[in-house]
Amino acid sequence: MGVKALGYLVIETARRAEWHRFLTEVVGVMPAAVASEGVSLYRIDGRPFRLWIEEGPTDHMRAAAYEVGDAAELAELKARIVAAGRPVEDGSAGEATARGVAGFFRTSDPDGNGLEFFHGDSRDDTPFQSPAGVGGFVTGDMGMGHVVFCAPNFAETHAFYKTVVGFGDTDFPRFHFSDDPGDPGMGFAFMHAENGRHHSIALAEMPMPPSGCVHIMLEMQSMADVGKCHDRMRRAKVPESATLGRHVNDQTFGFYMQTPSGFDLEIGADPLVIDHTNWTTTAHLIPSEWGHVWAWQKALKEQQGEQA
Ligand SMILES: [Fe+2]
């Protein structure tokens with residue numbers, strides 16, 4: 001039982017051309033050779049694609065897709081999710097082929113965040129080459145990175161991921177983003193799959209935004225590549241959501257910028273790699289050791305006439 005890693009993301013957008021420029025010129029990911037009608041696929045490694053960008057009427061994170069070990073584990077997971085009362089729909093053989101997987105099903109968590117679970121991944125023979133000169137992204141056993149979902153029904157949704165899906169708690173903090181002593185704070189759950197990545201999914205106790213997502217994260221192989229990506233963001237005038245900084249919990253160095261669909265993309269490097277088989281859940285008090293000045297915090301402080 002358990003989830004191996006985050007495999008790919010499915011994003012619906014009314015801004016496909018904007019996504020293309022953002023991904024190739026700013027982030028430096030590679031367009032995949034094959035794509036279906038209305039869909040653009042992007043690679044960050046040897047997998048046929050990691051980002052499925054689909055034309056649609058809204059801008060919305062449609063699904064985070066996680067890999068499990070084999071067909072039997074996929075069937076067991078599906079049975080547990082059905083027993084938990086969540087709707088489940090099998091992907092067709094054609095849809096599985098388009099995703100480069102042997103089989104998959106769609107479902108959602110109790111807050112409605114879209115999920116796919118698959119087994120039988122595949123590789124592309126053409127080597128990954130970044131159009132922006134990025135040395136490479138860190139994937140392999142740790143998967144493509146992480147996604148952070150909103151969970152207004154925090155306890156219920158956290159229990160779904162922990163007891164039904166099988167993720168483990170790496171860090172279970174409550175962050176306070178204001179100086180108000182009466183601020184109840186915001187619950188977060190950073191959860192690991194069966195690999196060394198600190199978290200492959202995280203939940204934030206906040207209302208669901210139209211984009212259906214807080215942020216996604218991609219990991220670059222070097223801090224220099226993160227810095228160069230930050231330069232490309234500034235040159236392209238992509239809105240910076242949080243300045244360069246280092247997180248306390250996963251120790252990742254990086255920054256956040258706004259994607260064309262409204263949620264953020266975290267670009268990071270040099271993270272903590274955990275031993276998930278022997279980990280005691282932490283509860284850190286603050287998200288960042290230094291940096292990470294959030295655009296919304298800066299705007300609020302400026303409004304209050306303080307130095308940001
Ligand atoms: Fe993150």
Taking it one step at a time, do T13 and D59 satisfy side chain to side chain donor-acceptor pair (under 3.5 Å)?
CA-CA 4 Å; T13 184; D59 276 84; 2.6 Å; yes
So V39 and I53, side chain to side chain contact (heavy atoms under 4.5 Å, CB included) or not? Walk me through it.
CA-CA 6 Å; V39 179; I53 310 287; over 6 Å; no
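By the ring-ring contact (aromatic ring centres under 6.0 Å, His included) test, F104 pairs with no residue at all, sequence neighbours left out. Residues satisfying the side-chain contact (heavy atoms from CB on, under 4.5 Å) criterion with D90, sequence neighbours excluded, are K78, F105.
Annotation: the span from S200 atom OG to N195 atom CG amounts to 4.5 Å, rounded to 0.5 Å.
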Without placing hydrogens or testing angles, list every side-chain donor-acceptor pair under 3.5 Å for residues 235-243, not counting sequence neighbours.
{"unit_1": "E240", "atom_1": "OE2", "unit_2": "H230", "atom_2": "NE2", "d": "2.5"}
{"unit_1": "S241", "atom_1": "OG", "unit_2": "Q258", "atom_2": "N", "d": "3.4"}
{"unit_1": "S241", "atom_1": "OG", "unit_2": "D264", "atom_2": "OD1", "d": "2.7"}
{"unit_1": "S241", "atom_1": "OG", "unit_2": "D264", "atom_2": "OD2", "d": "3.4"}
{"unit_1": "T243", "atom_1": "OG1", "unit_2": "H292", "atom_2": "N", "d": "3.3"}
{"unit_1": "T243", "atom_1": "OG1", "unit_2": "V293", "atom_2": "N", "d": "2.8"}

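A salt bridge links R234 to D231: one of the charged nitrogens lies within less than 4.0 Å of a carboxylate oxygen. Remark: R47 does not engage D124 in a salt bridge, criterion side-chain N to carboxylate O under 4.0 Å.
Under a 4.5 Å side-chain heavy-atom cut-off, the cluster of Ile, Leu, Val, Met, Phe, Trp and Tyr residues that includes I274 is completed by L272, W279. Connectivity analysis of hydrophobic side chains (ILVMFWY, heavy atoms under 4.5 Å, direct or indirect) links Y256 to V148, F175, F177, M186, F188, F190, M206, V214, W294, W296.
The salt bridge (Lys or Arg N to Asp or Glu O under 4.0 Å) analysis of residues 242-260, with sequence neighbours excluded, yields the pairs R246-D270.
Each of E116, R50, E67 was compared with Y8 under the side-chain hydrogen bond (donor to acceptor under 3.5 Å, both in side chains) criterion, and only E116 meets it.
At least one cation-pi condition fails for R16 and F22: the charged atom is not both under 6.0 angstrom from the six-membered ring centre and inside a 45 degree cone around its axis.
H199 and H146 form a side-chain donor-acceptor contact under 3.5 Å, judged by distance and modelled atom types alone.
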